Amino acid sequence: MNYQTFQPHSDLESLVSCYWTLEIPAEYSSERQRIIPDGCIEMAFILGDDIKRYTSDDEFILQPRAMVLGQTIEPFFIEPTGYVNTFAIRFYPYGFANFVTTPIKDLANKETPIEFLFEKNSAKELEQKIIDAKDSKQRIEIIENFLLEKMNDKATIDTIVKQTLDALLLSKGTESITTILKDDLSKRRQLERNFKKQIGVSPKQLGKVIRLQTALKLLLNKKSDNLTKVAYESEYFDQAHFTKDFKEFTGINPKEFLGNENMALSTLFYK
DNA sequence: ACGGCGCTTGTCGGACCATT
DNA sequence: AATGGTCCGACAAGCGCCGT
């Protein structure tokens with residue numbers, strides 16, 4: 001297995017978290033993988049064999065080979081059908097709205113082929129270029145040119161949305177929306193509307209995702225002492241509330257997660 | 001498009017419980 | 001004593017709708 005991340009061009013670094021590639025030979029390719037919401041929007045190009053995404057226990061779809069995966073607020077499962085080779089762009093929560101006119105909320109909880117988001121020919125052309133490129137370095141160049149060009153006719157992000165988002169990130173998802181708005185309570189309705197449109201989920205939901213991610217990082221990196229401690233450090237009211245949120249976003253409870261889950265991928269992604 | 005009203009729905013603190 | 005969990009009421013967030 002070979003997982004690599006790359007830093008974006010400085011003009012894009014406020015919008016793009018990173019580029020990443022994952023390659024797994026068919027003979028090592030693994031069983032079902034649990035994907036946990038992390039607040040980011042990804043654009044991914046499948047360069048290897050198809051990848052399934054389960055829509056229920058025993059039903060699945062094949063993911064589009066050039067797609068955008070919007071905000072998710074519940075766990076889901078994917079499974080390689082053979083050789084895995086993926087190139088992807090990880091956007092910050094607010095990052096992707098700058099490149100498309102589609103409301104981001106329409107992308108939530110599913111994959112959208114890129115030809116639905118960009119002018120059809122340019123999407124096709126982009127996909128082909130990415131496929132033909134000889135290495136990640138070239139792919140990054142291609143995608144950066146594409147994005148930088150799109151940014152020129154941009155719909156830039158709302159200031160209230162950005163402020164709220166910054167506050168959420170800073171407080172690791174613990175600050176209440178009302179507190180963030182403080183004196184500007186008149187903006188509440190507007191914030192709700194714009195946040196959903198530009199980020200894809202409501203402010204509170206993103207806050208919860210961020211808070212859980214904080215806890216998850218603690219669990220994975222520190223090897224964690226006990227769950228109570230992790231809960232308090234991530235500012236959950238107590239361990240019981242932590243478990244409840246954990247289950248909501250991951251589908252399992254913390255102990256199961258630490259115990260028997262194949263955490264290879266999760267660990268990779270939450271450095 | 002914005003701000004505001006008010007109803008519905010969701011969240012969280014807190015108390016408490018069963019299992020190990 | 002630690003852990004994973006339930007339930008409830010108060011309050012926060014979400015949302016349709018309406019006037020500007």
Side-chain angles (χ1 to χ4, degrees), chain A residues 34 36-39 41 70-76 93-94 97-98 100-110 153-263 266:
Chain A
R34 181 187 302 271
I36 297 163
D38 69 351
I41 294 176
Q71 294 274 13
T72 58
I73 50 163
E74 49 185 36
F76 61 95
Y94 50 88
N98 294 285
V100 287
T101 46
T102 324
I104 302 296
K105 73 164 164 34
D106 295 350
L107 310 178
N109 291 306
K110 63 177 184 205
D153 37 50
K154 66 176 169 185
T156 153
I157 188 135
D158 197 277
T159 44
I160 317 163
V161 172
K162 183 77 169 82
Q163 277 167 19
T164 306
L165 192 75
D166 287 343
L168 281 177
L169 289 169
L170 198 68
S171 67
K172 298 189 163 65
T174 59
E175 204 164 355
S176 85
I177 308 307
T178 315
T179 318
I180 294 170
L181 284 172
K182 286 196 275 280
D183 30 39
D184 247 1
L185 270 178
S186 64
K187 297 274 181 276
R188 196 178 79 117
R189 195 69 189 86
Q190 198 188 341
L191 171 72
E192 277 168 17
R193 282 195 275 246
N194 289 343
F195 206 91
K196 207 155 198 174
K197 195 168 80 193
Q198 298 181 9
I199 312 282
V201 296
S202 73
K204 189 64 193 180
Q205 280 178 318
L206 186 69
K208 284 179 76 178
V209 169
I210 294 172
R211 178 155 63 152
L212 187 81
Q213 283 294 323
T214 309
L216 219 47
K217 279 178 199 154
L218 281 176
L219 273 179
L220 290 171
N221 292 345
K222 284 192 180 171
K223 292 285 166 210
S224 88
D225 315 281
N226 64 55
L227 293 176
T228 314
K229 213 166 172 181
V230 170
Y232 286 134
E233 277 179 36
S234 330
E235 294 198 49
Y236 283 90
F237 182 76
D238 62 13
Q239 178 269 334
H241 289 83
F242 170 53
T243 313
K244 186 171 148 288
D245 268 22
F246 194 95
K247 208 158 182 177
E248 180 182 335
F249 288 120
T250 66
I252 53 178
N253 64 38
K255 200 156 198 180
E256 279 177 86
F257 180 78
L258 286 173
N260 49 35
E261 186 83 0
N262 173 0
M263 290 199 303
S266 318

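Below, chain A is the first sequence line, B the second, and so on; all start at residue 1. All values derive from a computational prediction rather than experimental measurement.
- Partners of Y236(A) under the ring-ring contact (aromatic ring centres under 6.0 Å, His included) rule, at least two apart in sequence or in another chain, are F242(A).
- Contacts of K208(A) with the nucleic acid, taken as non-hydrogen atoms under 4.0 Å apart, involve only primed sugar atoms and P, OP1 or OP2.
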Using a 4.0 Å heavy-atom cut-off, write out nucleotides 13-20 of chain B from 5' to 3' as B (base contacted by protein), S (sugar-phosphate only) or - (no contact).
-> BB------

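- T72(A) pairs by the side chain to side chain donor-acceptor pair (under 3.5 Å) definition with nothing, not counting sequence neighbours.
- Listed by chain and number, the residues in a side chain to side chain donor-acceptor pair (under 3.5 Å) with D245(A) amount to none (sequence neighbours excluded).
- Side-chain atoms of I177(A) and E192(A), non-hydrogen and from C-beta on, never get closer than 4.5 Å to each other.
- In this model, the phosphate group of dT6(C) is not approached by any side-chain N or O of K244(A) to a distance below 4.0 Å at OP1 or OP2.
- When distances run from any side-chain atom of K196(A) to the nucleotides dA12(C), dC15(C), dC12(B), the shortest one goes to dC15(C).
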Contact list (N/O, under 3.5 angstrom) for nucleotides 1-3 of chain B vs protein:
from   : atom 1 : to      : atom 2 : distance (Å)
dG3(B) : OP1    : K187(A) : NZ     : 2.9
dG3(B) : OP2    : Q190(A) : OE1    : 2.4
dG3(B) : N7     : R193(A) : NH2    : 3.0
dG3(B) : O6     : R193(A) : NH2    : 3.3

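- Atom NZ of K204(A) is separated from atom C1' of dC11(C) by 12 Å (rounded to the nearest Å).
- As rounded to whole Å, 9 Å separates atom P of dG14(C) from atom CG of L191(A).
- Atom pair D245(A):CG and dG4(C):P shows a separation of 15 Å (rounding to whole Å applied).
- Residue Q205(A) contributes atom CD, which lies 8 Å from atom P of dC15(C) at whole-angstrom precision.
- Between atom CG of residue L165(A) and atom CD1 of residue I199(A) there is a gap of 5.0 Å, rounded to the nearest 0.5 Å.
- Taking D238(A) as the reference, nothing meets the salt bridge (Lys or Arg N to Asp or Glu O under 4.0 Å) condition, with sequence neighbours excluded.
- Take K208(A) and apply the side chain to side chain donor-acceptor pair (under 3.5 Å) test, not counting sequence neighbours, and it matches E248(A).
- Across the protein-nucleic acid pair, E192(A) atom CD and dC15(C) atom P stand 7 Å apart, rounded to whole Å.
- The side chain to side chain contact (heavy atoms under 4.5 Å, CB included) test applied to A167(A) returns E175(A), I180(A), not counting sequence neighbours.
- Legend: residues meeting side chain to side chain donor-acceptor pair (under 3.5 Å) with T174(A), ordered by chain and number and at least two apart, are absent.
- With dG5(C), dG14(C), dA12(C) as the candidates, the nucleotide lying closest to the side chain of S202(A) is dG14(C).
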